[in-house]
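All values reported here derive from a predicted model rather than from experimental measurement. Throughout, protein chains are lettered first and strands after them, A, B, ... in sequence-line order, and every chain is numbered starting at 1.
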2 protein chains.
Amino acid sequence: MDDSDRGAGQAARPKRADARRNKETLLDAAAAIFVTSGVEAPVRDIAAKAGVGTATIYRHFPTRADLIIAVYRHQVDACAEAGPALLATSPTPHVALGRWVDLFVDFLVTKHGLAAALQTDNAGFETLHAYFLDRLLPVCAQLLDAAAASGEIRPDLNAYQLMRGVGNLCIGADSDPRYDARRLVGLLVAGLRQPREP
Amino acid sequence: MDDSDRGAGQAARPKRADARRNKETLLDAAAAIFVTSGVEAPVRDIAAKAGVGTATIYRHFPTRADLIIAVYRHQVDACAEAGPALLATSPTPHVALGRWVDLFVDFLVTKHGLAAALQTDNAGFETLHAYFLDRLLPVCAQLLDAAAASGEIRPDLNAYQLMRGVGNLCIGADSDPRYDARRLVGLLVAGLRQPREP
DNA sequence: GAGTAAGCGGAACCATGTCCCGTTTGACGA
DNA sequence: TCGTCAAACGGGACATGGTTCCGCTTACTC
């Protein structure tokens with residue numbers, strides 16, 4: 001599952017061995033740089049760290065979003081797969097939703113600048129936004145529907161808005177010790193709860 | 001109250017008439033550009049619109065934050081002043097808090113890119129962040145304290161976190177019809193409510 | 001009306017994203 | 001093993017946008 005280029009899917013794999021090696025090297029370099037300088041680090045820095053020219057980055061990852069997606073794909077997948085599992089093992093759907101959102105928040109707040117990149121309307125990041133949505137929105141919707149069906153929460157907020165809200169709340173959560181995104185997200189999810197049956 | 005340079009405070013007023021005129025012109029131009037291109041619009045665009053050189057902008061407004069603050073100062077002041085008034089005229093402190101937050105959200109979502117600029121950690125925007133905090137945090141704290149004192153909400157969230165949360169939720173609220181920041185903020189404030197006395 | 005310094009404009013400089021082009025090199029058939 | 005050649009490479013060129021510098025203009029003072 002970690003040799004993403006080989007075989008399945010419509011992704012064409014590079015023919016030359018050095019190309020594949022460079023792609024790996026770039027992924028490692030990018031991951032390292034993202035940790036220290038955030039996901040908006042200069043392209044040249046990543047290229048330098050990997051010991052390649054800038055064009056090589058663009059050849060393998062046409063947009064920055066492609067690079068970010070490639071670096072975090074496994075973790076996003078893991079988050080997506082955790083959804084149904086949580087639903088199955090949690091006492092109630094609302095608890096499952098809360099746990100899953102916590103997972104998502106933990107992922108986001110540890111990736112310097114990722115939450116901001118997700119929400120920015122700069123060109124070139126729609127792909128990133130779209131990827132996250134594509135991968136996580138169905139999971140979120142499933143949890144939300146289950147919680148709504150059980151009557152625990154008000155049924156009138158769609159998954160998209162919840163995901164955006166959570167993502168937004170995570171912006172800048174690192175780099176500001178006074179701000180606790182988990183807390184705020186917790187309040188937001190609490191606000192979802194059905195006041196009571198009248 | 002609209003000739004901000006004259007007289008009071010420690011703000012030095014430009015001596016020459018053309019300088020004062022240019023400052024006004026720049027404020028008008030910036031306000032117009034902000035509406036169409038957002039608060040991150042290129043400096044050259046604003047200068048061009050005002051018919052001045054770029055250096056003139058930097059002479060009057062050393063950082064972009066200074067310009068943004070100058071453009072929106074009146075509206076921020078109005079929002080700050082509305083706080084105590086709402087507290088006095090609303091049925092309960094929690095209602096006052098909700099109304100005030102709505103006011104703030106309405107302000108933010110109509111200023112393209114302002115919420116994002118407030119939260120970005122790019123250098124040069126700390127001043128902006130600081131100004132908003134300086135002006136609005138005390139008001140928010142007053143409302144929050146009143147609501148906590150009345151027992152309507154849990155008392156353990158400070159005003160800073162609330163403001164950041166609200167600000168964050170407003171990011172990108174324009175430019176995405178599927179996302180309704182007012183709604184999400186409403187849920188957040190609802191989540192603040194005391195569950196019940198046990 | 002002349003002197004002077006505040007203020008001005010725009011060119012210059014720097015950082016960064018993006019693209020192009022001449023060169024290198026891995027893959028493969030002879 | 002060696003020759004061929006297109007894939008892949010590197011780094012320089014270009015575009016954009018923020019910031020600063022410098023020679024010129026002009027509003028104020030006397």
Side-chain angles (χ1 to χ4, degrees), chain A residues 5-6 11-30 33-34 36-68 70 113 116-117 120-128, chain B residues 5-6 11-30 33-34 36-68 112-113 116-117 120-128:
Chain A
D5 277 329
R6 269 206 267 112
R13 92 164 139 122
K15 286 173 185 169
R16 282 170 51 164
D18 58 345
R20 228 171 318 155
R21 225 180 311 124
N22 273 330
K23 193 167 183 177
E24 278 311 306
T25 309
L26 272 171
L27 279 175
D28 292 346
I33 293 278
F34 284 174
T36 60
S37 310
V39 297
E40 307 245 33
V43 178
R44 283 163 179 46
D45 289 2
I46 302 170
K49 174 100 180 180
V52 303
T54 54
T56 299
I57 291 195
Y58 285 99
R59 228 173 337 263
H60 288 293
F61 307 102
T63 75
R64 181 178 294 267
D66 295 318
L67 179 55
I68 297 175
T120 198
D121 49 1
N122 293 357
F125 282 91
E126 321 84 14
T127 317
L128 187 62
Chain B
D5 277 329
R6 270 206 266 112
R13 92 164 139 121
K15 287 171 183 171
R16 283 170 49 163
D18 55 347
R20 227 169 321 154
R21 226 179 310 122
N22 272 332
K23 193 167 182 175
E24 278 312 307
T25 310
L26 271 172
L27 280 175
D28 292 346
I33 293 279
F34 284 175
T36 60
S37 310
V39 296
E40 307 244 35
V43 178
R44 291 192 222 298
D45 288 3
I46 302 169
K49 174 98 180 180
V52 304
T54 55
T56 300
I57 290 195
Y58 285 97
R59 218 167 289 117
H60 288 293
F61 307 102
T63 75
R64 182 178 293 267
D66 294 319
L67 180 55
I68 297 175
H112 194 130
T120 197
D121 49 0
N122 292 358
F125 282 91
E126 319 85 13
T127 318
L128 187 63

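C:dG17 atom C1' lies 12 Å from atom CG of A:Asn122, rounded to whole Å. Between the NZ atom of B:Lys15 and the C1' atom of C:dC8 there is a distance of 17 Å, rounded to whole Å. Atom NZ of A:Lys23 is separated from atom P of D:dC9 by 11 Å (rounded to the nearest Å). Put simply, CD1 on A:Ile46 is 17 Å from C1' on D:dG11, counting in whole angstrom units. In this structure, A:Phe61 atom CZ and D:dA8 atom P are separated by 13 Å, rounded to whole Å. One can place CD1 of A:Ile68 at 12 Å from P of C:dG17, the figure rounded to the nearest angstrom. Atom CG of A:Asp18 is separated from atom P of D:dA7 by 13 Å (rounded to the nearest Å). In this structure, the CD1 atom of B:Ile57 is 12 Å from the P atom of C:dC8, given to the nearest Å.
For a distance-only test at 3.5 Å, the side chain of A:Arg16 fails to qualify as a donor-acceptor partner of the base of D:dA8.
A:Leu26 is not listed as a side-chain neighbour of A:Lys23, based on a closest heavy-atom distance of 4.5 Å or more. Side-chain contact between B:Leu67 and B:Ile46: present, with at least one pair of heavy atoms (C-beta onward) separated by less than 4.5 Å.
Taking both residues in full, the closest heavy atoms of A:Asp45 and A:Ile33 are given as O-CD1, 4.2 Å, listed atom of the first, atom of the second, then distance. Nearest approach of B:Val39 to B:Arg64, heavy atoms of both residues: O-NH1, 2.9 Å.
For the pair A:Asn22 and B:Ala17, both in contact range of DNA chain D, the more 5′-proximal nearest nucleotide belongs to A:Asn22. Nearest-nucleotide assignment on DNA chain D puts the 5′-proximal partner with A:Val52, out of B:Arg21 and A:Val52.
Residue contacts shown for B:Gly124 are absent, as no nucleic acid heavy atom lies under 4.0 Å away.
Considering only side-chain N and O atoms, A:His60 lies under 4.0 angstrom from the phosphate OP1 or OP2 of D:dC9.
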With 3.5 Å as the limit, what N/O pairs link the protein to nucleotides 18-20 of chain D?
from   : atom 1 : to      : atom 2 : distance (Å)
D:dG18 : OP1    : B:Arg64 : NH2    : 2.8
D:dG18 : OP2    : B:Val43 : N      : 2.9
D:dG18 : N7     : B:Arg44 : NH2    : 3.0
D:dG18 : O6     : B:Arg44 : NH2    : 2.5
D:dT19 : OP2    : B:Tyr58 : OH     : 2.8
D:dT19 : O4     : B:Arg44 : NH1    : 3.0
D:dT20 : O4     : B:Thr54 : OG1    : 3.4

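Donor-acceptor pairing under 3.5 Å is recorded for the side chains of A:Asp66 and A:Thr63.
In this structure, the separation between OG1 on B:Thr127 and CD1 on B:Ile68 is 10.0 Å, given to the nearest 0.5 Å.
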Give every donor-acceptor pair under 3.5 Å between a side-chain atom in residues 51-61 of chain B and any protein atom, sequence neighbours left out.
none

